[in-house]
Structure formats: C-alpha cells, structure tokens
Visitor: 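Below is one structure. I have some questions about it.
Everything numeric here is computed off the predicted structure, so don't read it as measured data.
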Amino acid sequence: MSISMQFPDGSVRGFNEGVTAMDVAKSISEGLARNVLAARVNGKVVDLSRPLSHDASIEFLKFDDADGKSTFWHSTAHLMAEAIEAMFPGVKFWVGPPVDNGFYYDIDLGDRKLTEEDLGKLEKRMTELARQKNVYERKEISKADAIQYFTDKNDEYKLDLLQNLADGEITLYSQGNFTDLCRGPHIPHTGFIKAIKLTNIAGAYWKGDEKNKMLTRVYGVSFPSQKELDEYVALLEEAKKRDHRKLGKELSIYTMDDDVGPGLIMWLPNGTIIIEELEKLAKETEEDAGYHRVVTPHIAKESMYVTSGHLPYYKDSMYPPMQLDGETYYLRSMNCPHHHKVFAALPKSYRDLPYRIAEYGTVYRYEQSGELFGLMRVRCLHMNDAHIYCTRDQFETEFRAVNDMYLKYFKIFGVDKYVMRLSLHSPDKLGIKYVDEPELWKETEEMVRQVLINSNIPYIEVQDEAAFYGPKIDVQIYSVIGREFTLATNQVDFAQGSRFKLSYTTADNSTDTPLIIHRAPLGTHERFIGFLLEHYAGRLPLWLSPVQVKVLPISDKVHDYAEAVEVAMRKAGIRCQLDDRQEKIGRKIRDAELQKIPVMLVLGEKEAVDGMLSLRRHGVEGSESVKTEDLIAALRQEIDNRL
RNA sequence: GCCACUUUAGCUCAGCUGGUAGAGCAACUGAUUUGUAAUCAGUAGGUCGUUGGUUCGAUUCCGACAAGUGGCUCCA
C-alpha cells in the first residue's frame, strides 16, 4: 500500500505505508534528518519514529519552531529526571512540562534536599547522559498494566495522573534508565541536547493548591548548541540591565526602607517629577473626555465595605482594621465605594449621565509578603482611577471610549507589546469569588465581548479572572524578567450600583440603577513607572525626564554664560541643571550619559563668544551648534507634544 | 502565607577551613581651568541585617526574626 504525504510547500509524494516520519525526512535530505526533532502530521506533533499509515500533511519541526522547542525542552525534562533519579534513588516525580523559556520538573524528594551546588552536578550528569544518545522509546500500555507498574513503584503521583486517563491512550516513554508516564512526543534521542543550564530551584504546591504538599521544582533550559545557550545567557544579562529595580536605584527614582515597611514606596524627587507629568497627562486627557475630578479620604468605616460587598472577598488583603470612637475603620484598598458616595451625594437624573469621576486615588493592599516585587507589586499604590455611571444604552459608547483612551495613551508611550484580555468569571465559583448573578454575568460578558469585536481589537478570553462584581478587560504586560502583570484595566460593575442603592431619575420620571465602569488606563503610578523604566530601558522621553537638560561648562571661565543658559532654560519651563564641578568635560559628559540625561549642552569659550550652544543628545556621539532660543523652541515643542 | 537562596562602607563587590574586615566608584579636602564617556593626590566611612546560642573567641558555625531575590499560591 502506498500513502501520500503533502509538504508545507504544497508538493505531494508517495511513500510505503508504515514509513516513519524520520524516513520521510531522510528522503528529503540528510541535513534535515540530522536537525529535525519532531513532525507535525495533520496538525498534530508526533515522534519521528511513529509509523505513518494514512495520507497526511507533514511538516518537520526543528528547534526554531515553537513546537520543536517545546518537544526539545520536554525531552530535556525527562533527561533531568533521569539524572535526579540517579542522584537521589527513590524520589517521585509529578509533572515535567516545557514552559516559555525552558522546562521544569516537580519532584517529591522525600526528606532529602536539593541545593544549588547539586544543580552543577546534575548538569554534568545530564551532559554525560545526553552524549550517550539514548533513544526516547515510546510504549503503549493498558491502563491496568500502567496501574500495576506504578503501584509496584509505589508512585502515588503517577497513579493520580492515571485516574484521568482512559485505557488505550496511555503511553510510557523511556530513555536510558528512566521511564515516565508521558503522552509525548519526544525528540529521537538525547544526543540532540548539547547545552544545558539548570536555572533555579523553587517550591511549588502539588496541583497548584496551597493546601497540598510542596514539591521541589527545578527549572532549566537547554539548546542544540553551546552557542545558543551563551546567546540566551547574554540576553538574560541584557534584560537585567533594564530591570526597573536596578534603574530605579541608578536613576534615583524611588527608595524603600525597612523602618517604613515592605512594599511601601517612597518617591524620590526624580520619581516625583515622573508622577507629576503622568498626572498632568491624565488630567488633560480626562478633562477632554468629560470627567470630573474628586478627592476622597484613604480610610472608611467597615460598614461601607459591607455595603460594597468587598469585605467578604478582600478582607484578607486589606490592612487590619483600627478601632476609633467605637467604630471600625479600614484603610481603603479600592476607591470605588468612596466614589459611589460622591455619586450619591446629590440627586441624579438621566441628564447627568454619564457621570464620570476621576481621582489618582491612594489605596493600601496587604499583599502577601512573597508577592511583593519592586514597583510592580506594592502595598501602597496610586491608581489612575475613575468611575463612570451610565445607563445601559450609554454603556457601549462609554466602554469603547475607555478603550480608545488606553490606545491613545499607548500610542504616546509607544506601548505595543501587550495582550488585551477579556477576563471572565468562572461559573463554579459563583457566590464564592463572584456575585451570584448568573444571568447578569452572561449578559455583561457578552456586552463587553461585543465592544471588543466592534472595535476590532485583538484579544484573548480567560476564565476566572473577572472582578467579583463583573467582567473586565485587562491589558497584560511582561516585566523584563518575564513576569506577567495587569497594567491597565477596564471593568463592568453590575453589582455595586444596587448595593449602594444608587439611582437616577429616568426620562419618564421613574428611577433606575446606573451601570458602573471602573477603569484605570494608566494602572497605578507604581506599576506604570516600573513598566516605563523597563520599556524605555531608563531612557525616558524628554517630557518625562526628571532632568531634561544638563549644562556642562568646560571651565569656570564660562560660568556666567552657563548660568545664563540655565536660567533661560528654566524660564522656558525646561528642567535644567548646571554641572559646575571642577571636572574635565569628558567626565561631565560621562556622568550625564550615565544618568541618561536627554540633552547635554557643552559650553566653552568659543560658545560664550559666539552666543551659541554645543548640543549633544543622549546616546548620540558628536555635537551640533545651535542658538539658545532655537533650542528652547525645539525642546518646548518636543515636550509639549510628548514626543 | 509556602519552598529555596541572599543580606559586609552611600553603590558594586572581595573576605579558604572561626582569631572583631578590604577594593573600586561615590563623598570630603587640596592641586589642576580642562573641548564631547572616568585628572591627580590625600582624608574620612562599617558593633559585617537584627537577635539568641555554641565557643576562650563569631562577619565566619547553629537557631529565631526581618528585609530582599527566584518560584508557588494569591492578585480589587
């Protein structure tokens, strides 16, 4: 019997039935056969050793393919397990999948401990095993036999996995002395794995549940060549240079102190300038969009959070209450209840809607200590918060306007690497994590989905990420070390309006409850500035730079001229500093460059005589001669347009 | 909160197996008046995160606590 294989370029060739994908690869070229890791047959990734019995489309996967990489890393996880089992006989394995940047394996080490020194030994052992070119062998096994096999091994973890597998779909993979329950696929043999780095050891709860036992998770990454590993390591080091925690210190943006407390940011003068620029942008934007600005206190009585419904859901992440005058007060962890009270302060009619109120609100959240992370996850934060109270008919327009506001901001900051996430509830957690209104959930989720579809915004849908009061759109970003955060959020709230008995008079003189939109396009100052530092690698645009211009006189013979230039800059509202230290010009330039000052003005006797400036831009070698008033006009324009 | 690691001068870091610490940069002082990424010399700086214990003696070994870091859980 002959079967036909269709290749990605559309060409079709015939092969004998039972031919393996590897045979097909060999028939194309030896070079391909040497580098190919797995095959995609009719869209499904399979081992190269699998016999093919039907007509199919076939594609060969190398390391540069995402699925090829995953297969490679998955196979490396098995190799690591083999090395760990050799080092610690009797350990038990849970799962060892590939992840975005490598792989991990969760292991129950019993009462033994794995140290960082062991990682080096493991890498060595893995390299030795890899050189043996051990073949990854696939074996189909009945469920009964599999249960017998793992019962004999006393392996409760694999037995647990087997519970959810049906007879006939169970396979074992073996390489060298290691056998694992695994659906595959795998690379042909361990010899492909040329460079290995075990990156860290971490704890991970079994099945991700904190009530369960904590297993030891070992992370690693591997490559088909040492060169690729070296490049990867260099990339990581590059990324570390733009870590906001490092830049925040180098550029004197913020500080923290043990005496103040964990997760509590103190903004230094430089950071405060960034904050003020961001708030200026937000105020302008919100004013244009018809928002009113309000100011509300940082604390409130317990009763308000009972009304809002926050308390049962968020008590654990609020700072403990304080007792005052026989009342219980909480530091707020959200602004919305205060804003609802602002809405309720005066009677509203449909003519007042949409009613939009904004505040850079300070909130306090008692985040778990292990979760704190630089500026990205803190305990005192300043939200670019606003609430929009509107009718059902106005909802789509308002919600879209908020989305447009995001996009406007993102354009200003050149933000393009983000994922829009439609965050939905999880029906099995109604009444636990989400208000128990199944119909309203369905309705509002569809409403939000339609807004996204109608505005042609690419997005993903994820369950169990909604707020307790409604679905939302979150803008997900990644820190340089790869951690995911919600930068901005746009949320529907169908619950709090009625809880607070908010109402407005309709056109036919009845009353109705407004729908509420919670939104924070600029997220919080903390997270947003952390993000911006990494996004710009510390090279903030002129309008955000704490110091925009540095005047660098060559000697103090031109001090008067330098001072005059500085004064002129400051008069034009440009943040300018004079470096009048008795240092050589090279030194002054170096220091200004390291501080990432956008504009440097070198002034010597020549400039003083001509009344000119020697302009040098950060990161740009060489200089040009300009007139003070021309430069001021140009900088002013750049700043005013936030370029 | 859980697992692991880390904590030495303002910053970045060195300090083998226990005998109370060192460098570079920054700071300060003096000299130098300088042309596009580090001028030279000198001075000063630390009860080695805190706190118990072991020891004749602890920065070093052990415990507790705190903070930070990598994950897990969580994330309004």
Side-chain angles (χ1 to χ4, degrees), chain A residues 99 104 106 109 113-116 119 199-219 243 245-246 249-250 252 255-263 305 308-310 313-314 316-318 332-337 363 365-374 376-377 381 383 385 423 433 465-470 472 474 481-486 489 491 493 496 518 520 524 552-559 581-594 600-607 614-624:
Chain A
V99 287
Y104 68 79
D106 281 348
L109 291 166
K113 234 176 87 174
L114 193 64
T115 65
E116 306 224 340
L119 292 186
T199 47
N200 56 40
I201 305 171
Y205 298 108
W206 183 45
K207 294 187 179 181
D209 187 333
E210 59 182 325
K211 289 186 213 60
N212 285 342
K213 180 169 180 172
M214 182 154 281
L215 304 176
T216 303
R217 176 174 295 180
V218 182
Y219 280 91
D243 189 311
R245 292 164 297 183
K246 186 170 157 66
K249 190 179 271 181
E250 286 170 358
S252 303
T255 190
M256 292 192 262
D257 190 284
D258 280 4
D259 280 341
V260 176
Y305 298 110
S308 73
H310 279 100
Y313 296 101
Y314 302 116
D316 288 347
S317 52
M318 292 174 84
R332 70 174 171 192
S333 63
M334 67 293 294
N335 304 304
C336 29
V363 301
R365 297 176 180 183
Y366 184 73
E367 300 285 359
Q368 296 185 53
S369 58
E371 258 311 321
L372 300 173
F373 175 68
M376 299 291 205
R377 198 77 186 276
L381 41 141
M383 287 185 86
D385 213 355
S423 301
K433 192 172 166 186
E465 290 287 352
F468 81 89
Y469 44 65
K472 53 182 180 157
D474 295 314
I481 64 164
R483 215 180 279 186
E484 182 180 358
F485 289 99
T486 299
T489 186
Q491 315 178 345
D493 180 351
Q496 287 193 63
H518 303 233
T524 65
L552 311 175
I554 287 174
S555 79
D556 50 16
K557 285 180 190 160
V558 290
H559 188 261
R581 293 175 302 167
Q582 292 195 6
E583 292 288 353
K584 292 170 78 167
I585 191 65
R587 175 53 178 276
K588 293 185 182 183
I589 287 169
R590 179 183 152 80
D591 288 346
E593 287 281 358
L594 288 175
M600 287 157 279
L601 301 176
V602 176
L603 308 182
E605 293 185 71
K606 189 158 76 81
E607 284 76 13
S614 173
L615 167 68
R616 180 187 167 113
R617 285 269 183 170
H618 172 73
V620 182
E621 297 219 14
S623 60
E624 58 176 307

Visitor: With a cut-off of less than 4.0 Å, is there a side-chain N or O of R365(A) near OP1 or OP2 of rC74(B)?
Guide: no
Visitor: Return yes if some donor-acceptor pair links the side-chain N/O of E605(A) with the main-chain N/O of V558(A) below 3.5 Å, else return no.
Guide: no
Visitor: Report yes if at least one side-chain N or O of R581(A) is closer than 4.0 Å to OP1 or OP2 of rU34(B); otherwise report no.
Guide: no
Visitor: Looking only at atom P, what distance separates rC5(B) and rG57(B), rounded to whole Å?
Guide: 29 Å
Visitor: So do the side chains of C336(A) and H310(A) get within less than 4.5 Å of each other, counting heavy atoms only?
Guide: yes
Visitor: Roughly how many Å is it from CD in E607(A) to C1' in rU36(B), rounded to a whole number?
Guide: 11 Å
Visitor: Determine the contact category for G586(A): base if any of its heavy atoms lies under 4.0 Å from a base atom, sugar-phosphate if only primed atoms, P, OP1 or OP2 are that close, otherwise nothing.
Guide: sugar-phosphate
Visitor: Between L552(A) and R616(A), is there a side-chain heavy-atom distance shorter than 4.5 Å?
Guide: no
Visitor: Check this for me: does the side-chain of R377(A) come within 3.5 Å of the base of rC74(B) through a donor and an acceptor?
Guide: yes
Visitor: Indicate yes or no: at least one non-hydrogen side-chain atom of L603(A) is less than 4.5 angstrom from one of I554(A).
Guide: no
Visitor: On a whole-Å scale, what distance lies between the C1' atoms belonging to rG71(B) and rC25(B)?
Guide: 34 Å
Visitor: For the backbone of R365(A) and the side chain of S333(A), can you confirm whether one donor and one acceptor N or O come within less than 3.5 Å of each other?
Guide: no
Visitor: On RNA chain B, compare the nucleotides closest to S623(A) and R217(A); which residue's is nearer the 5' end?
Guide: S623(A)
Visitor: Polar atoms only, N or O, under 3.5 Å: list the protein pairs with nucleotides 4-12 of chain B and their distances.
Guide:
| residue | atom | partner | partner atom | Å |
| --- | --- | --- | --- | --- |
| rU12(B) | OP1 | K249(A) | NZ | 3.3 |

Visitor: Where each residue is assigned the nucleotide of RNA chain B containing its nearest heavy atom, which of E605(A) and S333(A) is assigned the position nearer the 5′ end?
Guide: E605(A)
Visitor: For RNA chain B, what is the dot-bracket line, given that a base pair needs Watson-Crick (N1 to N3, plus N6-O4 or O6-N4) or G-U wobble (N1-O2 and O6-N3) geometry with both distances under 3.5 Å, and | means paired with another strand?
Guide: (((((((..((((.....[..)))).(((((.......))))).....(((((..]....))))))))))))....
Visitor: Rounded off to whole Å, could you give me the CZ-to-P distance for the F373(A) and rC72(B) pair?
Guide: 12 Å
Visitor: With a non-hydrogen cut-off below 4.0 angstrom, is Y219(A) in contact with a base, only sugar-phosphate, or nothing?
Guide: sugar-phosphate
Visitor: Nearest of rA37(B), rG35(B), rG70(B) to any side-chain atom of E593(A)?
Guide: rA37(B)
Visitor: Sequence neighbours excluded, which residues qualify as side chain to side chain contact (heavy atoms under 4.5 Å, CB included) partners of T255(A)?
Guide: M266(A), L268(A)
Visitor: Please answer whether the main-chain N or O of W206(A) pairs with a side-chain N or O of K213(A) as donor and acceptor at a distance below 3.5 Å.
Guide: no
Visitor: Which part of the nucleic acid, if any, lies within contact of G604(A), taking any heavy atom under 4.0 Å across all strands shown: a base, the sugar-phosphate backbone alone, or nothing?
Guide: base
Visitor: Please classify the glycosidic conformation of rG45(B) as syn (within 90° of 0) or anti (everything else).
Guide: syn
Visitor: Base, sugar-phosphate alone, or nothing: which one does K211(A) contact when heavy atoms must sit under 4.0 Å apart?
Guide: nothing
Visitor: Do any side-chain nitrogens or oxygens of R616(A) fall under 4.0 Å of OP1 or OP2 in rA37(B)?
Guide: yes
Visitor: For rG1(B) and rC65(B), measure between their C1' atoms and round to the nearest Å.
Guide: 16 Å
Visitor: Determine the Euclidean distance between corresponding P atoms of rU20(B) and rA58(B); express it in Å to zero decimal places.
Guide: 11 Å
Visitor: Any chance CD of E621(A) has more than 12 other-residue heavy atoms, nucleotides or ligands included, within less than 6.0 Å?
Guide: no
Visitor: Distances for protein N/O vs nucleotides 31-33 of chain B N/O pairs under 3.5 angstrom?
Guide:
| residue | atom | partner | partner atom | Å |
| --- | --- | --- | --- | --- |
| rU32(B) | O4 | Q582(A) | OE1 | 2.1 |
| rU33(B) | O2' | K557(A) | NZ | 3.4 |
| rU33(B) | O2 | D556(A) | N | 3.1 |
| rU33(B) | O2 | D556(A) | OD1 | 2.9 |
| rU33(B) | N3 | D556(A) | OD1 | 2.7 |
| rU33(B) | N3 | D556(A) | OD2 | 3.0 |
| rU33(B) | O4 | D556(A) | OD2 | 3.2 |
| rU33(B) | O4 | Q582(A) | OE1 | 3.1 |
| rU33(B) | O4 | Q582(A) | NE2 | 2.7 |

Visitor: Within the distance-only criterion (no hydrogens, no angle test), does the side chain of K588(A) pair as donor or acceptor with the backbone N or O of R581(A) below 3.5 angstrom?
Guide: yes
Visitor: When we call it a touch if two heavy atoms are under 4.0 Å apart, what does K246(A) touch: a base, just sugar-phosphate, or nothing?
Guide: nothing
Visitor: Over all strands shown, is E250(A) touching base, sugar-phosphate only, or nothing at heavy-atom distances under 4.0 angstrom?
Guide: nothing
Visitor: Is R587(A) side chain donor-acceptor paired with the rA38(B) base, going by distance under 3.5 Å alone?
Guide: no
Visitor: Is G374(A) touching bases, backbone alone, or none of the nucleic acid, heavy atoms closer than 4.0 Å?
Guide: sugar-phosphate
Visitor: Just jot down the side-chain hydrogen bond (donor to acceptor under 3.5 Å, both in side chains) partners of D385(A), sequence neighbours excluded, or say none.
Guide: N335(A)
Visitor: How far, in whole Å, is rU39(B) from rG35(B) if one measures between their C1' atoms?
Guide: 15 Å
Visitor: Using whole Å, report how far CG of D106(A) lies from P of rC72(B).
Guide: 10 Å
Visitor: Is any side-chain N or O of K584(A) closer than 4.0 Å to OP1 or OP2 of rC40(B)?
Guide: no
Visitor: When only distance counts, do a donor and an acceptor, one from the side chain of Y205(A) and one from the base of rG1(B), lie under 3.5 Å apart?
Guide: yes
Visitor: How is R483(A) classified with respect to the nucleic acid when contacts are heavy atoms under 4.0 Å: base, sugar-phosphate, or nothing?
Guide: sugar-phosphate
Visitor: rU36(B) and rG30(B): how far apart are their P atoms, nearest whole angstrom?
Guide: 28 Å
Visitor: Taking the same atom, C1', in rU33(B) and in rC40(B), what whole-Å distance lies between them?
Guide: 14 Å
Visitor: Are H518(A) and Q496(A) side-chain neighbours, meaning at least one heavy-atom pair lies under 4.5 Å?
Guide: yes
Visitor: Send over the distance from L372(A) CG to rG71(B) P, rounded to a whole Å.
Guide: 14 Å
Visitor: For K207(A), is there an ion pair with D209(A) - N to carboxylate O distance below 4.0 angstrom?
Guide: no
Visitor: Would you tell me if any nitrogen or oxygen in the side chain of S369(A) comes within less than 4.0 Å of OP1 or OP2 on rG1(B)?
Guide: yes
Visitor: Between rG68(B), rA37(B), rC72(B), which nucleotide has the shortest distance from any of its atoms to the side chain of L594(A)?
Guide: rA37(B)
Visitor: How many whole angstroms separate atom CG of D258(A) from atom C1' of rU51(B)?
Guide: 15 Å
Visitor: Please name all residues satisfying side-chain hydrogen bond (donor to acceptor under 3.5 Å, both in side chains) with K606(A), sequence neighbours left out, ordered by chain then number.
Guide: none
Visitor: Report the distance from atom CZ of R590(A) to atom P of rG35(B), rounded to the nearest whole Å.
Guide: 18 Å
Visitor: Calculate the interatomic distance between I589(A) atom CD1 and rA37(B) atom C1'; express it in whole Å.
Guide: 7 Å
Visitor: Could you check how far CD of E583(A) sits from C1' of rG30(B), rounded to whole Å?
Guide: 13 Å
Visitor: If the C1' atom of rG22(B) is compared with that of rU59(B), how far apart are they to the nearest Å?
Guide: 13 Å
